[in-house]
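In what follows, chains carry the letters A, B, and so on, assigned in the order in which the sequence lines appear, proteins first and then strands, with residues in each chain numbered from 1. Atoms considered below: every heavy atom in the structure, side chains included; atoms not considered: hydrogens, waters and symmetry mates.
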Protein chains: 2
Amino acid sequence: MVNTESDPRFQRSQQAILSAARELLLEKGPVAVTHAQVAERAGVGRATVYRHWPRADELLAEAMATVPMPLLANPTIPTRQWLTRELTTLARQLELDDVRAVATTLASTALWDQQMDARRAQFATILADRLAGALATAQVRGEVSLAMPGRDAAALLVGPIYYRCTIEHGPADSTLIETSIAAIGTWTAR
Amino acid sequence: MVNTESDPRFQRSQQAILSAARELLLEKGPVAVTHAQVAERAGVGRATVYRHWPRADELLAEAMATVPMPLLANPTIPTRQWLTRELTTLARQLELDDVRAVATTLASTALWDQQMDARRAQFATILADRLAGALATAQVRGEVSLAMPGRDAAALLVGPIYYRCTIEHGPADSTLIETSIAAIGTWTAR
DNA sequence: TATGTTATGAGTCAAGATGTCTCGTAGAAT
DNA sequence: ATTCTACGAGACATCTTGACTCATAACATA
C-alpha cells in the first residue's frame, strides 16, 4: 500500500468519527465532543480517534466544517428576486438545528480560539462580499439606489434573520425578509 | 450569628469567586470556569467554591448574570431620538468584550442547556417587548407609521447591530443604526 | 476582652477522565 | 498466499473531579 489515506479502513473510521462528532455537537454541544464519547458513538476504539485527531478541538473544527453553511449562490437578474430567494434559503438553513448549532458555536468560540475566529471572519467576509458585489452590480444596472455602503447592507439583510433565529429562536418569515430588502435602498419598479 | 449569608467571610468568598469566574469567562471562555481554576484565581480553597456552588454550570450562569446586559431604558419622546440613543448604547455595549462574551455564550449554550435557554428567551422577550411597546405608542402618537408587526421591528433594529458585533466583529456605526431605524416604517417629519 | 460559633484552607481519598503505549487480529493490496 | 497496516482491546501512569475531614482564624455576642 502506497498511501495511508487511501486505505478503506482509514476512510471508514474517519467518516464514522466525523459523523459521531457532528451528532454529538448537535445533541449535546461542543463540550460533548471528547475522544471517549466520539469513539463510543462511532463504534471505534478510543485509540483510533486519537490516531486520526490527536486534539479534540481540531476534531470539533473539522466536524463543524462538514455542516454545509448557507453561503449565497451566484447573483441572478433581477437582483431583488435573487435576494428574496437567497435570504429565504439562508433563513430556512438557520432554522435547522445543526446549522444554528454551528453558527452559534462559531460565534462564541471565535472569541477565544484563533482558528475558529479565522473561520468566522472568512464566513462573514464571503457573505458580505457576495451581497455587496451583487448590490453594486444591481446599482450600476439601475435596479436599486442604495441608501448606504454595501457593507452595511450586508448586516442589514443578514442581521435580522440571524438575530431572529439565534436569539429570538423564532422563524424568519417573508415579512421580515422583504422589509429588510426594502430597507437598504430604493428599488426601481419594474 | 443568626444568618449564614450575613457573615463577611461568606460575602468575601462569594464575591471573589464570582469575579474570578467572570474573568475566566472573559479571558478563556465558558469551558475555563471550573471549580479548580476559579478557586486558584479567586485565591480561595477549592472546597470553598464547591460549598458556594456545587455545580460549575450554575456558577457560570450566576457569573454571567453579573455582567450588565444592555436592555433598553424607558421610552422618551421623541421616540426616534430615543431609539437612536438606546440602539447606540446597545451597540457600544456589544462592542465590549465581556458583554459580547456573555451574549454569544448565551446564544450557543441555550441550545443545550435549559436554564440558559430560559435566560435567552427572557432577554429576547424584554428587548422585543420594550421596542414593540415604544413603537406602538409612537404610532398612536402619530410619530411613525410602521410597515410591519412590532415583533419584526425588534429583529430589524437589533439584528444588524448584533450581527455586526458578533459575526462581522466590527463597529456598529451610526449609519447602520439610522438606516435600520428608517427601515421599520415612515417617520413623520418634525 | 473573653467566648462560643462557623466559614475557610489545606489536605486526603476514591472514582473517573485523559493521553500514551503495546500487541494480536483482521482487512486490504499485490 | 503473503505482506503490510489500520484497527480494537486493553494496560498503564497521570491528571481531574467531587466529597470528605479537621485544625484554624475570623466573626458575633456578651
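- In this structure, CG in Asp173(B) is found 5.0 Å from CG in Asp152(A), a value given to the nearest 0.5 Å.
- With the nearest nucleotide of DNA chain C identified for both Gln14(B) and Arg12(A), Gln14(B) has the one nearer the 5' end.
- Residues Gln11(A) and Pro8(B) each lie close to DNA chain D; by heavy-atom proximity, the contact nearer the 5' end of the strand is made by Gln11(A).
- Residue His35(B) has no polar side-chain atom (N or O) positioned under 4.0 Å from OP1 or OP2 of dT17(D).
- Put simply, the side chain of Arg9(A) and the base of dA28(C) share no donor and acceptor less than 3.5 Å apart.
- Between Gln37(A) atom CD and dG16(C) atom P the separation is 15 Å, expressed in whole Å.
- Residues Arg85(B) and Thr76(B) have side chains that bring a donor and an acceptor to within less than 3.5 angstrom of each other.
- Under a 3.5 Å cut-off, the side chain of Ser180(B) and the backbone N or O of Ile177(B) do form a donor-acceptor pair.
- With Arg164(A) contributing its side chain and Pro171(A) its backbone, the two residues share a donor-acceptor pair below 3.5 Å.
- Of the residues in residues 45-63 of chain B, those lying under 4.0 Å from DNA chain D by heavy-atom distance are Arg46(B), Ala47(B), Tyr50(B).
- Across Leu127(A) and Leu72(A), no two heavy atoms sit closer than the pair O-CD1, 4.2 Å.
- Judged purely by distance below 3.5 Å, without hydrogens or angles, the side chains of Trp187(A) and Glu143(A) never pair a donor atom with an acceptor atom.
- For the pair Asp7(B) CG and dG9(C) P, the interatomic distance rounds to 12 Å; values are reported in whole Å.
- Rounded to an integer number of Å, the gap from CD of Gln15(A) to P of dA6(D) is 17 Å.
- When each of dT8(C), dA6(D), dC27(D) is scored by its nearest atom to the side-chain atoms of Phe10(B), the top-ranked nucleotide is dT8(C).
- Put simply, the side chain of Trp82(B) gets close to the backbone of Asn74(B): a donor and an acceptor are under 3.5 Å apart.
- Heavy atoms of other residues, nucleotides or ligands lying less than 6.0 angstrom from CZ of Arg141(B) number 12 at most.
- Between Glu178(B) and Thr84(B), the side chains place a donor N or O and an acceptor N or O closer than 3.5 Å (distance only, hydrogens not considered).
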note = For DNA chain C, the dot-bracket notation using Watson-Crick and G-U wobble pairs below 3.5 Å, [ ] for pseudoknot-type crossings and | for other-strand pairs, is ||||||||||||||||||||||||||||||
